[in-house]
Amino acid sequence: MAKKILIINGHPNKESLNFGLAESYKKGALESNAEVQEIIISNLKFNPNLEFGYQKRTELEPDLLNAWEKIKWADHLVWVHPVWWGGLPAITKGFIDRLFLPGFAFQYKENSLFWDKLLNGKTAHIITTLDQPSWYYWLVYGRPSVNQLKKCTLKFCGINQVKVSYFGIIKKSNERTRQKWISTIEKLGKQNK
């Protein structure tokens, strides 16, 4: 049975390396006969602000409802994003804030500190670009974007198998290095990792 893969691209610039990496992963996954769908967050029409916090639900726009159907459909979520100021781009964070909601991605248990994880059984891969060495991002800053997405979002909602791939230093990379990264990602796509 073909694996169902959803590529979620969180970079707002279509000319970015992140778009090249996402396309390369998609190419590899399609060559492996996986079923592939995409969400390009910057193409969605939605308010990224969780306007009322969790006190009152803001109705989801059609693009977010469609995105949620894709997330439910997928076996494997591939998140592609840059690290900006140690975290996710604002549009990506807004996408998560608006969509990974109680009743969708998790459900608090009544009179309990615990919750049901509603995305159990799925896997994920975070592909992220940096303007610093990955070891420095981990050692000095503690990998805040990875902790936020992997631990505080995906694992919180039941996605426990999460692989992370770092690519950088972007600003010092040349065309040869970028082509090597794109080739690496295509192989990961072929392996459905």
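Only this structure's heavy atoms are used, side chains among them; waters, hydrogens and symmetry mates stay out.
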Quiz item: In the hydrophobic clustering that connects Ile, Leu, Val, Met, Phe, Trp and Tyr at side-chain heavy-atom distances below 4.5 Å, which members other than Trp73 occupy its cluster, ordered by chain and number?
Solution: none
Self-check item: Expected output: side-chain Tyr137 to main-chain Gly86 donor-acceptor under 3.5 Å
Solution: yes
Quiz item: If you measure from the Lys or Arg side-chain nitrogens to the Asp or Glu carboxylate oxygens, is any gap between Glu175 and Arg178 under 4.0 Å?
Solution: no
Quiz item: Are Leu154 and Ile127 in one and the same hydrophobic cluster, where Ile, Leu, Val, Met, Phe, Trp and Tyr link if side-chain heavy atoms are under 4.5 Å apart?
Solution: no
Quiz item: Linking Ile, Leu, Val, Met, Phe, Trp and Tyr by side-chain heavy atoms under 4.5 Å, what else ends up with Phe156?
Solution: Phe106, Tyr108, Trp115
Practice problem: Under the salt bridge (charged side-chain N to carboxylate O under 4.0 Å, His left out) rule, collect the residues that match up with Lys163, sequence neighbours excluded. | Solution: none
Self-check item: All salt bridge (charged side-chain N to carboxylate O under 4.0 Å, His left out) counterparts of Glu51, not counting sequence neighbours
Solution: none
Exercise. With sequence neighbours excluded, tell me which residues meet salt bridge (charged side-chain N to carboxylate O under 4.0 Å, His left out) with Asp116.
Key: Lys109
Quiz item: What pairs of residues pass the salt bridge (charged side-chain N to carboxylate O under 4.0 Å, His left out) test when at least one of them lies in residues 20-36, not counting sequence neighbours?
Solution: Lys26-Glu38, Lys27-Glu186, Glu31-Lys190
Practice problem: May I have all residue pairs that pass salt bridge (charged side-chain N to carboxylate O under 4.0 Å, His left out) and include part of residues 119-129, sequence neighbours excluded? | Solution: none
Exercise. Sequence neighbours left out, what passes side chain to side chain donor-acceptor pair (under 3.5 Å) with Tyr166? Give chain and number order.
Key: none
Exercise. May I ask you to test the Leu118-Cys157 pair for a side-chain heavy-atom distance under 4.5 Å?
Key: no
Quiz prompt | Gap between atom OH of Tyr141 and atom OH of Tyr136 - 0.5 Å precision | solution = 4.5 Å
Quiz item: If you group Ile, Leu, Val, Met, Phe, Trp and Tyr by side-chain heavy-atom gaps below 4.5 Å, do Trp68 and Trp79 land in one group?
Solution: yes
Quiz prompt | Closest approach of Ala34 to Ala2 (non-hydrogen atoms, all atoms of both residues) | solution = CA-CB, 4.3 Å
Quiz item: Between atom CG of Asn160 and atom NZ of Lys151, what is the distance when rounded to the nearest 0.5 Å?
Solution: 13.0 Å
Quiz prompt | Hphob cluster co-occupancy, Leu30 + Ile40, side-chain heavy atoms under 4.5 angstrom | solution = no
Quiz prompt | CG-OG1 distance between Asn147 and Thr153, expressed to the nearest 0.5 angstrom | solution = 10.5 Å
Quiz prompt | Passing option when Asn192 is tested against Ile5, Val78, Val36 for side-chain contact (heavy atoms from CB on, under 4.5 Å) | solution = Ile5
Practice problem: Take Val146 and Trp138, measure what side chain to side chain contact (heavy atoms under 4.5 Å, CB included) needs, and give me the verdict at the end. | Solution: CA-CA 9 Å; Val146 171; Trp138 170 74; over 6 Å; no
Practice problem: Decide whether Leu149 and Leu188 are clustered together by the hydrophobic rule: side chain heavy atoms of Ile, Leu, Val, Met, Phe, Trp, Tyr closer than 4.5 Å, transitively. | Solution: no
Quiz item: Any side-chain heavy atom of Phe104 within less than 4.5 Å of one from Leu119?
Solution: no
Self-check item: More than 12 heavy atoms of other groups within 6.0 Å of Phe114 CZ
Solution: no
Quiz item: Which heavy atom of Val83 sits nearest a heavy atom of Ser145, and at what distance?
Solution: CG2-OG, 3.4 Å
Quiz item: How close do Phe19 and Asn13 get, heavy atom to heavy atom, and via which atoms?
Solution: CD1-O, 3.1 Å
Quiz prompt | Non-hydrogen side-chain atoms of Arg143 and Val164 separated by less than 4.5 Å | solution = no
Exercise. Take Trp181 and Ile170, measure what side chain to side chain contact (heavy atoms under 4.5 Å, CB included) needs, and give me the verdict at the end.
Key: CA-CA 11 Å; Trp181 293 337; Ile170 299 302; 3.5 Å; yes
Quiz item: So if you build clusters from Ile, Leu, Val, Met, Phe, Trp, Tyr with side-chain heavy-atom gaps below 4.5 Å, do Ile39 and Ile159 land together?
Solution: yes
Quiz item: Which distance, rounded to the nearest 0.5 Å, do you find between the NE2 of His125 and the NZ of Lys193?
Solution: 9.5 Å
Exercise. List for me each residue that meets salt bridge (charged side-chain N to carboxylate O under 4.0 Å, His left out) alongside Arg98, sequence neighbours excluded, and say none if there are none.
Key: Glu61
Practice problem: Among Thr128, Thr129, Ile126, Asn18, find the one that has a side-chain contact (heavy atoms from CB on, under 4.5 Å) with Val80. | Solution: Asn18
Quiz prompt | Atom NZ of Lys117 with >12 non-hydrogen neighbours under 6.0 angstrom | solution = yes
Exercise. Quick one: list whatever passes side chain to side chain donor-acceptor pair (under 3.5 Å) with Ser134, sequence neighbours left out.
Key: none
Practice problem: Determine whether Thr177 and Asn174 make a side-chain contact, defined as any pair of heavy atoms from C-beta on separated by less than 4.5 Å. | Solution: yes
Practice problem: Could you pull out all residues at least two apart from Asp97 that satisfy side chain to side chain donor-acceptor pair (under 3.5 Å)? | Solution: Lys93
Practice problem: Quick one: closest heavy-atom pair of Leu60 and Leu99, and the distance? | Solution: CD1-CD1, 4.1 Å
Quiz prompt | Candidate pair Thr58 and Asn47, rule side chain to side chain contact (heavy atoms under 4.5 Å, CB included), full reasoning | solution = CA-CA 10 Å; Thr58 302; Asn47 178 355; 5.9 Å; no
Quiz item: What distance do Ile96 atom CD1 and Leu50 atom CG have between them, rounded to the nearest 0.5 Å?
Solution: 12.5 Å
Quiz item: Any donor-acceptor pair under 3.5 Å linking the side chain of Asp75 with the backbone of Lys3?
Solution: no
Quiz item: What residues form a ring pair (Phe, Tyr, Trp, His ring centres under 6.0 Å) with Trp84, not counting sequence neighbours?
Solution: His11
Quiz item: Taking all non-hydrogen atoms of both residues, which atom of Gly10 and which atom of Thr92 are closest, and how far apart?
Solution: O-OG1, 2.8 Å
Quiz item: Do you know which two heavy atoms are closest between Ala22 and Ile7, and how far apart they sit?
Solution: O-CD1, 3.9 Å
Self-check item: From Ile71 atom CD1 to Ile8 atom CD1, the distance as rounded to the nearest 0.5 Å
Solution: 4.5 Å
Practice problem: Look at atom NZ of Lys180 and say whether more than 12 heavy atoms of other residues, nucleotides or ligands are closer to it than 6.0 Å. | Solution: no
Practice problem: Evaluate side chain to side chain contact (heavy atoms under 4.5 Å, CB included) for Leu65 paired with Phe46, printing each intermediate quantity in order. | Solution: CA-CA 10 Å; Leu65 291 170; Phe46 72 103; over 6 Å; no
